[in-house]
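Let me give you the structure first, and then I'll get to my questions.
From a predicted model like this one, the values you see are computed outputs, not experimental measurements. Any value given below was found using the heavy atoms of this structure, including those in side chains, with hydrogens, waters and symmetry copies removed. Just follow the structure's listing: the first ligand is 1, and inside any ligand the first atom is 1.
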Amino acid sequence: MTVDLVVRNCTVVTPAGRTPDAGVAVENGTIVAVGRSDRLPEAERVVDADGNVLVPGIVDCHIHNREPGLEYKEDWESATRAAAAGGVTTVVGMPNTDPVIDRPEHLELKYERGEASAHVDFQSYAVVTSENLDLIPALDETGVLGYKVFLGSTVGDVPPPSDGEILEAMERIRETGKRLGFHEENGEIIDHYTEQFQAAGKNDPIHHSHSRPVIAEQEAVERMITFADETGAKIHMFHVSSGSAAEAVAGGKDRGVDVTAETTPHYLWFTEDVMREKGNVARIQPPIRDAEERAKLWETGIENGAIDCFATDHAPHTPEEKKVDDPFGNTWDAISGFVGLETEVPVMLTFVDQGRFTLEEWVRRHSTRPAQVWGMYPQKGSLQVGTDADFTIVDPGAEWTLENAEELHSKNCVTPFEGETFTGKTVATVVRGEVVYEDGAVVGESGYGTRVDVE
Ligand code: DOR
Ligand code: ZN
């Protein structure tokens with residue numbers, strides 16, 4: 001038997017363990033064998049992975065791809081080009097585009113644009129507001145992956161539904177079997193302190209962080225867990241930034257609520273000191289926390305398991321919007337968010353190198369769990385025979401520094417990870433059996449990526 005593709009001579013790592021001198025065989029875009037290099041079938045194309053590590057493709061369920069409507073920041077083509085270069089084989093786009101993804105026609109538009117230009121596979125969330133509770137079943141039928149509510153004001157200014165509307169949304173979403181995720185910051189708390197800080201002339205980048213205190217995040221997590229306990233809805237906490245919020249998630253899990261959670265590379269890597277060192281470049285919502293909260297996020301979230309997933313919150317803005325020319329200028333004139341798709345794998349591999357978690361634990365949180373949480377498993381997030389041949393090949397020992405963020409593939413590349421040094425990098429990315437990134441170049445075709453179909 002001759003198959004389409006064999007990748008050999010790698011250590012294959014899944015959450016279940018690792019197999020040295022192994023590889024994967026692919027036919028028609030699906031995995032047909034995983035095993036020892038010398039037992040794999042003949043193939044049209046054989047890739048020698050040079051002893052590197054092969055894992056199921058990274059699944060990033062939190063990116064702002066910006067299309068439709070905000071293509072001056074990023075679009076499906078550029079976001080998924082960055083994903084391919086970053087080792088990410090599936091991305092899920094956030095709904096704060098223009099128009100917002102709040103009805104079937106807008107979701108279809110987003111899918112059409114993705115089908116036309118994506119390099120890797122993709123999906124999308126729909127937003128729930130006061131205006132569209134009755135559209136939840138129709139969004140489900142259009143194929144949406146899951147739903148999002150913005151509890152506090154953030155980029156896009158999507159207004160939060162009332163508590164009553166959130167309860168009703170949970171009931172309706174429970175009927176669809178899908179999950180509802182939150183931007184979990186209590187809007188009344190952050191609006192109050194934002195106004196107070198602005199009136200007092202507290203205009204430094206660190207003041208932006210302190211205007212959105214941990215209690216706003218912790219309270220929002222606890223309230224949504226209480227609502228989910230009542231309604232039986234499946235819920236998710238996007239971008240958990242603090243140990244206190246991770247403890248709240250752990251409390252919800254203990255209560256038997258189906259609450260899952262994600263954190264991002266920047267909350268694990270930086271402390272709020274980065275606001276004093278890099279200024280508004282690092283401005284993001286929720287903000288990067290102090291050392292004590294970060295330590296607790298590591299302990300409760302990572303060591304004790306409250307955090308299920310890693311994702312980037314990849315949020316490109318122009319250098320003008322980020323105020324890079326004057327990074328310590330008035331923070332209220334700057335915007336929140338920065339790119340992350342090409343630094344997430346290196347950040348996580350650096351933590352592996354530091355012994356903070358194992359390769360197996362990395363793969364679980366960065367591929368398998370996200371696919372499970374959002375209903376894409378085992379098609380995505382696994383190396384099971386018969387599933388999509390998505391994989392990421394990494395060199396865990398490669399030391400490098402991101403000298404210049406302009407080397408990245410996004411349309412706008414501002415990131416506080418510029419200047420940081422990593423141990424580990426993406427070597428190649430394979431989506432459904434096609435090599436989309438290798439030797440430092442995106443080699444896949446725009447438009448190859450396709451929507452991941454979910455029940
Ligand atoms: O910093 C952020 N940027 N937080 C968000 O909630 C949204 C995101 C964006 O869309 O830029
Ligand atoms: Zn986000």
*Side chain or backbone of His183 under 4.0 Å from ligand 1, or both, or neither, by non-hydrogen atoms?*
side chain

_Under 2.8 Å from the Zn ion (ligand 2), can any N, O or S atom of His62 be found?_
yes

*Which atoms of ligand 1 have any heavy atom of Thr154 under 4.0 Å away?*
4 (N), 5 (C), 6 (O), 7 (C)

*What do the steps show when you test Trp374 against His236 for ring pair (Phe, Tyr, Trp, His ring centres under 6.0 Å), and what is the final call?*
CA-CA 10 Å; Trp374 295 105; His236 181 76; 5.1 Å; yes

*Counting heavy atoms only, which part of Ile284 comes closer than 4.0 Å to ligand 1: side chain, backbone, both or neither?*
both

_Quick test of your reading of the model: are Glu420 and Lys278 salt-bridged, counting only N-O distances below 4.0 Å?_
yes

_What protein heavy atom lies closest to atom 8 (C) of ligand 1? Include the residue and the distance to one decimal._
His64 NE2, 3.8 Å

*asked:* Once you restrict to heavy atoms under 4.0 Å, what part of His317 touches ligand 1? Side chain, backbone, both or neither.
replied: side chain

*NZ/NE/NH1/NH2 to OD/OE distance under 4.0 Å, Asp75 and Arg113*: no

_Below a 4.0 angstrom heavy-atom separation, can you tell me which part of Ala315, side chain or backbone, both or neither, approaches ligand 1?_
side chain

*Arg66, portion touching ligand 1 at heavy-atom distance under 4.0 Å*: side chain

_Check this for me - ligand 1, His239, N or O atoms closer than 3.5 angstrom, yes or no?_
no

*asked:* Considering non-hydrogen atoms of the protein only, which is the closest contact for atom 1 (O) of ligand 1, and what is the distance?
replied: Gln285 N, 2.9 Å

*asked:* Before you tell me yes or no, could you show the steps for Glu115 and Thr450 under side-chain hydrogen bond (donor to acceptor under 3.5 Å, both in side chains), namely the whole-Å CA-CA distance, both residues' side-chain angles and the distance that decides it to 0.1 Å?
replied: CA-CA 5 Å; Glu115 292 292 349; Thr450 192; 3.1 Å; yes

*Identify the protein heavy atom lying closest to atom 3 (N) of ligand 1, giving its residue, its atom name and the separation to 0.1 Å.*
Ser336 O, 3.1 Å

*asked:* Can you check the angle at the Zn ion (ligand 2) formed by NE2 of His64 and OD1 of Asp313? Round it to the nearest 10°.
replied: 90°

*asked:* Just to verify, which of Lys178, Arg179, Arg172 counts as forming a salt bridge (charged side-chain N to carboxylate O under 4.0 Å, His left out) with Asp140?
replied: Lys178

*asked:* Tell me if the CZ atom of Phe357 is crowded by more than 12 foreign heavy atoms within 6.0 Å.
replied: yes

*Between Asp333 and Lys323, does at least one N-O distance fall below 4.0 Å, as a salt bridge requires?*
no

*Examine the proximity of ligand 1 to Ile335 and report which part, side chain or backbone, both or neither, has a heavy atom under 4.0 Å away.*
neither

*Before accepting this row, confirm whether a basic side-chain N of the pair Glu292/Lys296 lies closer than 4.0 Å to the acidic partner's carboxylate O.*
no

*From the options Glu217, Arg212, Glu184, select the one residue that forms a side-chain hydrogen bond (donor to acceptor under 3.5 Å, both in side chains) with Ser241.*
Glu217

_Need the ligand 1 atom indices (1-based, order shown) with element for anything under 4.0 Å from a heavy-atom of Gly337._
1 (O), 3 (N)

